[in-house]
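Take a look at the structure set out below.
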Amino acid sequence: MNGDVVLDHGIWFRGVESGSAASAVRRAAERLGAQLELGDRPVADLAIITAELTSNLVKHAQEGMVLLRPVRRGGRAGVELIAVDHGPGMADLTVSSRDGHSTTGTLGIGLGAIVRQASWFDGYSLPQRGTVLAVQVWSGPAPEPSWAGALTRPMTGEQVSGDSYAVRVVEGRQQVLVCDGLGHGPLAAAASEAAVGAFRDAPNGSPGAVVRHLHRMMSHTRGAALAVAELDPAGGLLRYAGLGNIAAMIVVEGARRRGLVSLPGIAGHQNPVVREYDYPFQVGATLVMHSDGVVDRWDLADYPGLVGRAPLVVAATLLRDAGIRRDDACVLVARAEP
């Protein structure tokens with residue numbers, strides 16, 4: 001890790017299967033909590049949570065990783081930890097979170113301590129497939145869970161990811177962006193960061209209009225593939241416009257999925273054709289979008305109960321199992337809520 005500052009996209013700690021790696025995560029989490037001025041009690045809670053999360057990875061995990069990042073909502077800031085592994089998994093995460101339950105002869109208070117100290121907690125585990133745990137610590141009560149969750153991971157050997165995402169609500173429009181800057185490294189990251197900035201400042205408009213705006217605002221970059229979706233569950237619609245190799249699917253009850261259309265092109269270069277499409281999108285449906293750093297052969301039907309977890313947990317599970325290590329990767333999941 002370079003320096004003490006954790007940027008919004010966070011830091012991935014790979015190979016968290018030793019005591020020294022676990023200590024590094026705990027120290028970084030405590031520093032981040034102090035930087036965000038969470039207060040003594042939340043930082044102490046964060047230290048306990050991080051110690052228990054990493055202890056579980058050391059004891060049980062295969063390919064255990066932790067993402068540490070700040071989260072911001074409604075003018076407030078908190079710390080988020082996402083732990084993923086390919087370990088033995090748990091048949092019942094709720095039972096395993098109760099004090100006294102242990103599979104290794106310990107006191108069995110680890111997951112229970114995480115649940116107690118966290119401002120917000122969710123997770124998913126499947127025997128022989130591994131576990132995903134997502135935790136947030138805030139000063140005061142946690143905000144309401146978000147209708148969308150996403151994360152990125154840089155390719156092995158890179159410090160920054162050329163993939164990015166953003167979520168916004170403007171005049172009632174629930175819109176999301178997934179972007180894949182061309183290539184890898186800092187220049188790809190600069191292109192995707194330009195797209196995110198332009199998206200957040202874009203005038204109120206439909207996805208097609210927003211994509212055209214992003215194209216105009218990215219001409220100084222190397223360009224990117226990107227897509228914008230707008231959820232309108234009240235109207236039973238999802239509006240979508242994409243350029244390049246961003247994959248997007250609507251998953252409905254029973255885990256059936258329908259692919260969305262992105263047209264060829266590079267935002268910021270050439271003169272791409274931008275076209276907006278409407279798709280049925282009822283309450284309870286789930287939108288999954290990802291870059292080409294994620295193999296699109298995943299099937300949520302292979303994960304019983306996952307569609308009922310928080311969008312962030314769904315995104316982290318798909319990134320863990322379908323993400324490609326030799327490419328930047330991004331997954332965003334959004335859900336139609338009443």
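A quick note: this is a predicted structure, and the numbers were derived from the prediction, not measured.
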Using atom types as modelled and distance alone, determine if a side-chain donor or acceptor of [X] lies under 3.5 Å from a backbone N or O of [Y].
X      : Y      : answer
Arg212 : Val274 : yes
Asp180 : Asp163 : no
Thr152 : Ala329 : no
His215 : Gly268 : yes
His269 : Met218 : no
Arg222 : Leu182 : yes
Asp328 : Gly162 : yes
Thr50  : Ala47  : no
Asp85  : Gly130 : no
Tyr124 : Pro304 : yes

Suppose we screen for salt bridge (Lys or Arg N to Asp or Glu O under 4.0 Å). Which residues come up paired with Arg27, at least two apart in sequence or across chains? none
By salt bridge (Lys or Arg N to Asp or Glu O under 4.0 Å), Asp40 pairs with (sequence neighbours left out) none
Per-pair distances, 0.1 Å, donor-acceptor, side chain in residues 233-240, under 3.5 Å, sequence neighbours excluded:
from, atom 1, to, atom 2, distance (Å)
Arg239, NH1, Glu230, OE2, 3.3
Arg239, NH1, Asp232, OD2, 3.3
Arg239, NH2, Asp232, OD2, 3.3
Tyr240, OH, Ser262, OG, 2.9

NZ or CZ of Arg257 within 45° of Trp298 ring axis and under 6.0 Å: yes
The side-chain contact (heavy atoms from CB on, under 4.5 Å) partners of Asp327 (sequence neighbours excluded) come to His184, Asp292, Ile324
For the residue pair [X] and [Y], establish whether any side-chain heavy-atom pair is separated by less than 4.5 Å.
X      : Y      : answer
Trp12  : Val66  : no
Thr317 : Leu306 : yes
Leu68  : Val25  : no
Gln117 : Val137 : no
Pro127 : Met90  : no

Any chance you could measure [X], atom [atom1], to [Y], atom [atom2], to the nearest 0.5 Å?
X      : Y      : atom1 : atom2 : result
Met249 : Leu300 : CE    : CG    : 9.0 Å
Leu332 : Leu318 : CG    : CG    : 11.0 Å
Asp122 : Gln136 : CG    : CD    : 10.0 Å
Leu133 : Ile114 : CG    : CD1   : 6.0 Å
Arg26  : Leu53  : CZ    : CG    : 13.0 Å
Glu63  : His86  : CD    : NE2   : 5.5 Å

Return the minimal non-hydrogen interatomic distance between [X] and [Y], and the atom names on each side.
X      : Y      : answer
Gly64  : Leu57  : CA-CD2, 4.2 Å
Ala191 : Gly181 : CB-CA, 4.3 Å
Leu38  : Gly78  : CD2-CA, 4.2 Å
Ser119 : Ala142 : O-CB, 3.5 Å
Val333 : Pro311 : O-CB, 3.4 Å
Gly265 : Pro272 : CA-CB, 4.2 Å

Let me see the working for His290 and Val178 under side-chain contact (heavy atoms from CB on, under 4.5 Å), right down to the final yes or no. CA-CA 7 Å; His290 59 76; Val178 169; 5.9 Å; no
Stepwise side-chain contact (heavy atoms from CB on, under 4.5 Å) check, Trp138 with Val71: CA-CA 9 Å; Trp138 300 79; Val71 283; 3.6 Å; yes
Going through the checks in order, is the side-chain contact (heavy atoms from CB on, under 4.5 Å) test met by Leu151 and Arg69? CA-CA 10 Å; Leu151 63 170; Arg69 63 184 180 180; 3.8 Å; yes
Look at the side-chain heavy atoms of Ile, Leu, Val, Met, Phe, Trp and Tyr, link any pair under 4.5 Å apart, and say whether Met155 and Val160 land in one connected group. no
Do Val169 and Leu287 sit in one hydrophobic cluster, given that two such residues count as connected whenever their side-chain heavy atoms are within less than 4.5 Å of each other, even indirectly? yes
Would you mind listing every salt bridge (charged side-chain N to carboxylate O under 4.0 Å, His left out) that reaches into residues 143-154, with sequence neighbours excluded? none
Salt bridge Arg129-Asp321, side-chain N to carboxylate O under 4.0 Å: yes
Please list, one pair per line, the donor and acceptor atoms closer than 3.5 Å that link side chains of residues 193-206 to other protein atoms, with sequence neighbours excluded.
from, atom 1, to, atom 2, distance (Å)
Asn204, OD1, Arg173, NE, 2.7
Asn204, ND2, Glu171, OE1, 2.8
Ser206, OG, Glu276, OE1, 2.8

